[in-house]
Amino acid sequence: FNKHKKDREYYHPDDGTIVELHWRLIEVDHPYNPVIHDLLSTEYSITLQGKSIPIPTVSPTNLWLYLSLHGSLAGWYRMRWINDIALLLYYDPPEDWATLFRLAEHHGCKQSVIEAVGLACSLYHLQVPAPIRLSIRHNKGIQKSILSSANQLFYKKSTCGNIITYSRRIFFCSPISSLLKHLIGRIFISTGDFEKFHLPDRFFFGYYLLRPFSFLYRRILSKQSHQKN
């Protein structure tokens, strides 16, 4: 399970508290996937009401890269993700866009950063920073992606279940090698099967054998649900 998922959620039955424990930032094997040691080595303390509070927080650079990549990989189907980008852009924009672009390009997520800022500015009528505006103007793919993401947020049309759209989204955010590796993993095994069939660890290979049958089962249920609607 740990090889195929980035986190686990723990639910407290008494008060409803949910703790989401991460061991990776994203599920896709991506150039930007720093280990916890690298994140802690660049941490900084936040300031609240004029007082420095010693709460370790992800560095501004890593925060920009992670928020942009996380929302972009998921197709921005949750409004709060783009809200974070808009608030960050309004209250704490990068001091130097060129430096952020170089780091984003080095980590393979420059397109995600451009898309995130462009989408936030489009939805909240914010002024688009000049470097972002130029990058959007010369990239038809990003223009199309911003438009489709904005429509999805407005009309709540989720495309998460569409394998073609899902693949395009990962390809937009990741190198081709990451896309192929991720899709192959999703084809041969699904973490959803772990919840339906509880096999002992020594019989983990059984999930690969069950995958074709569980895939057909989900397709049948999906068609039945669509016919009812």
Side-chain angles (χ1 to χ4, degrees), residues 1-44 46 55-85 87-88 104 107-109 112-113 115-116 149 152-153 158-163 165-175 177-201 204 206-208 210-211 214-215 218:
F1 186 89
N2 292 349
K3 292 180 180 179
H4 293 272
K5 296 291 288 183
K6 68 183 186 305
D7 58 57
R8 291 191 188 182
E9 290 186 356
Y10 296 88
Y11 173 78
H12 197 292
D14 295 336
D15 59 15
T17 301
I18 297 177
V19 175
E20 189 173 283
L21 180 62
H22 281 248
W23 49 86
R24 289 201 310 273
L25 292 179
I26 52 177
E27 290 183 17
V28 181
D29 181 22
H30 190 277
Y32 183 72
N33 223 335
V35 297
I36 188 66
H37 177 269
D38 294 336
L39 292 176
L40 292 176
S41 65
T42 58
E43 71 181 28
Y44 78 118
I46 63 173
I55 299 177
T57 309
V58 176
S59 68
T61 299
N62 280 318
L63 185 61
W64 269 102
L65 298 183
Y66 170 63
L67 290 179
S68 299
L69 182 59
H70 180 257
S72 189
L73 274 169
W76 304 107
Y77 68 86
R78 287 177 177 163
M79 193 70 183
R80 65 174 178 264
W81 293 337
I82 203 63
N83 288 349
D84 289 339
I85 297 295
L87 289 169
L88 197 61
H107 291 293
C109 49
S112 297
V113 173
E115 180 194 42
S149 297
Q152 178 177 302
L153 284 168
S158 177
T159 57
C160 296
N162 188 323
I163 187 64
T165 305
Y166 179 73
S167 301
R168 286 176 179 171
R169 172 54 49 180
I170 299 178
F171 181 68
F172 175 83
C173 303
S174 309
S177 57
S178 300
L179 170 67
L180 293 176
K181 184 175 181 181
H182 182 69
L183 290 182
I184 289 174
R186 291 293 295 266
I187 289 171
F188 290 111
I189 196 168
S190 171
T191 52
D193 296 335
F194 301 162
E195 300 173 359
K196 295 181 179 66
F197 310 102
H198 300 281
L199 300 179
D201 289 347
F204 186 84
Y207 289 113
Y208 294 92
L210 289 169
R211 176 64 168 151
S214 62
F215 175 78
R218 284 194 297 272

Distance to the ring centre below 6.0 angstrom and angle to the axis at most 45 degrees; does that hold for Arg169 and Phe172? yes

Return the minimal non-hydrogen interatomic distance between [X] and [Y], and the atom names on each side.
{"X": "Ser149", "Y": "Trp76", "answer": "OG-CD1, 3.7 Å"}
{"X": "Trp81", "Y": "Ala74", "answer": "CZ3-CB, 3.2 Å"}
{"X": "Ser112", "Y": "Ser68", "answer": "O-CB, 3.7 Å"}
{"X": "Ser178", "Y": "His30", "answer": "OG-CA, 4.0 Å"}

Name the orientation class of the two ring planes belonging to Tyr207 and Phe204 (parallel below 30°, tilted from 30 to 60°, perpendicular beyond 60°). perpendicular

Tyr66 side chain reached by Leu39 side chain, heavy atoms, under 4.5 Å: no

Has [X] got a side-chain atom pairing as donor or acceptor with [Y]'s backbone, closer than 3.5 angstrom?
{"X": "Ser72", "Y": "Leu69", "result": "no"}
{"X": "Tyr32", "Y": "Asn62", "result": "yes"}
{"X": "Ser174", "Y": "Phe171", "result": "no"}

When rounded to the nearest 0.5 angstrom, what is the spacing between [atom1] in [X] and [atom2] in [Y]?
{"X": "Thr42", "Y": "Leu63", "atom1": "OG1", "atom2": "CG", "answer": "10.5 Å"}
{"X": "His107", "Y": "Asn33", "atom1": "NE2", "atom2": "CG", "answer": "11.0 Å"}
{"X": "Cys173", "Y": "Arg168", "atom1": "SG", "atom2": "CZ", "answer": "14.0 Å"}
{"X": "His70", "Y": "Arg78", "atom1": "NE2", "atom2": "CZ", "answer": "7.5 Å"}
{"X": "Leu88", "Y": "Trp64", "atom1": "CG", "atom2": "CH2", "answer": "4.5 Å"}
{"X": "Leu21", "Y": "Glu9", "atom1": "CG", "atom2": "CD", "answer": "10.5 Å"}

Asp15, CG atom: more than 12 neighbouring heavy atoms under 6.0 Å: yes

